[in-house]
Q: 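Structure incoming, see below.
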Amino acid sequence: MSDFLQLAGRRIALFGVANRKSVAFHVGRVLQDAGAEVVYVVRSSARQASVAKLVGEAPVYVCDVEHQDQIDALAAKLATDFDGFHGLVHSIAFAAYDERGMRPFHETSREQLLRTFDVSCFSLMALANAMKDQLARDASVVTISISTTRMASENYGFMAPVKAALDSSLAFLAKSFSQFSEVRFNAVAPGLLKTSASAGIPGYVDSYLYAERATLRGRAVATEEVANAVAFLLSPRSSGMNAQRLVIDAGMEVNYFDPRLVKPAVDALPRE
């Protein structure tokens, strides 16, 4: 039972580490602790240098997923350097906010939405397609979504519809890959986390503190908890799961009417 997840010796391509607070960094650490071989892929040469200092002897490759030629070159390089992968983690998200900051959703520009979709959603499809011949027949592909795309948080804006598209793509990727393999596509969908990327969202800290109070346990979701769920979905222990979202929100979605939330709101109402 020492290797319950059966990840020892399995090779995983991990996309999206930016720094120590990244979900992908925590995923890599959990995987390495479980004995997996992790191959890191980051966006730029500058990030390659900084991430290399964090991950020890693990290889770090560069690929900016906005450019198909880089995706193709990466796939060719990985095919030369390795004899296949048992899993792929897509922890890539980018919101094309402009210099004016957050605006009403209906003012979202075509350029903003399409670029955000390209990086945050289409990249999963592009990477899966480019690496399809390198993925083991029973490989597992895991992406990082969000706990809900139905909560219209204005400061998250057009990113939520893009994440909804990412969630939908799981079913279609799983279906199309099923024609020639048993590769699985799933998502881990966490509640609000403390990451460097989220810190750049206007008003995020207030939302994070509210979300923490809304959890059943009164404690926010930890990035390590998300990483553990990713490791599970990558492992053979989750072999029956395909085209699914695994929500990690500490029960927040069932707790919006908790007295700790309701009473302060009611007390703040104007009295006649």
Side-chain angles (χ1 to χ4, degrees), residues 4-5 7 12 14-34 36 38 87-93 95 120-121 124 140-153 155-156 159-171 174 184-199 201 204-205 207-256 258 260-261:
F4 176 78
L5 290 178
L7 286 169
I12 310 295
L14 177 55
F15 291 78
V17 174
N19 50 54
R20 288 183 180 276
K21 293 184 178 181
S22 301
V23 171
F25 174 74
H26 286 263
V27 171
R29 189 168 59 183
V30 169
L31 292 176
Q32 288 179 312
D33 288 346
V38 183
L88 184 156
V89 178
H90 174 270
S91 185
I92 300 172
S120 305
C121 179
L124 173 63
S140 174
V141 178
V142 181
T143 190
I144 308 301
S145 185
I146 56 175
S147 59
T148 176
T149 58
R150 296 284 298 164
M151 182 61 66
S153 175
N155 61 346
Y156 203 60
M159 191 65 182
V162 171
K163 287 290 191 180
L166 178 68
D167 291 347
S168 178
S169 72
L170 297 172
R184 301 179 291 119
F185 291 83
N186 293 293
V188 171
L192 281 70
L193 300 172
K194 276 187 179 179
T195 65
S196 297
S198 63
I201 300 174
Y204 185 85
V205 173
S207 296
Y208 174 85
L209 293 174
Y210 175 82
E212 179 169 51
R213 194 167 186 182
T215 64
L216 289 170
R217 67 190 186 186
R219 188 173 72 256
V221 174
T223 310
E224 190 79 6
E225 293 175 307
V226 179
N228 290 337
V230 173
F232 167 68
L233 287 178
L234 288 169
S235 80
R237 293 294 187 179
S238 63
S239 59
M241 296 183 66
N242 200 1
Q244 300 298 315
R245 298 172 72 253
L246 189 55
V247 175
I248 313 295
D249 73 350
M252 182 179 69
E253 68 175 318
V254 303
N255 201 38
Y256 291 128
D258 190 288
R260 295 174 300 171
L261 305 175

Q: With a 3.5 Å distance limit and no angle check, can you tell me whether Asn186 reaches the backbone of Ala243 through a side-chain donor-acceptor pair?
A: yes
Q: Among side-chain atoms of Ser239 and Arg184, is any donor-acceptor pair under 3.5 angstrom?
A: no
Q: Evaluate the criterion side-chain contact (heavy atoms from CB on, under 4.5 Å) for residue pair Thr223 and Phe25; output intermediate values, then yes/no.
A: CA-CA 10 Å; Thr223 310; Phe25 174 74; over 6 Å; no
Q: State which residues pass salt bridge (charged side-chain N to carboxylate O under 4.0 Å, His left out) with Asp258; sequence neighbours excluded, sorted by chain then number.
A: Arg260
Q: Got a salt bridge between Lys194 and Glu224, using NZ or NE/NH1/NH2 to carboxylate O under 4.0 Å?
A: no
Q: Verify, without hydrogens or angle tests, whether Arg219 (side chain) and Ala250 (backbone) share a donor-acceptor contact under 3.5 angstrom.
A: no
Q: Look up atom CG in Asp167 and atom NZ in Lys163, then write down how far apart they are to the nearest 0.5 Å.
A: 8.5 Å
Q: Is it possible for you to check whether Arg237 lies under 6.0 Å from the centre of the six-membered ring of Phe232, through NZ or CZ, and within 45° of that ring's axis?
A: no
Q: State which residues pass ring-ring contact (aromatic ring centres under 6.0 Å, His included) with Phe185; sequence neighbours excluded, sorted by chain then number.
A: Phe177
Q: Nearest 0.5 Å, please: how far is CZ in Phe15 from CD1 in Ile144?
A: 13.5 Å
Q: Under 3.5 Å, is there a donor-acceptor pair between the side chain of Thr215 and the main chain of Gly251?
A: no
Q: Just by modelled atom types, is the Arg29 backbone N or O under 3.5 Å from a matching donor or acceptor in the Gln32 side chain?
A: no
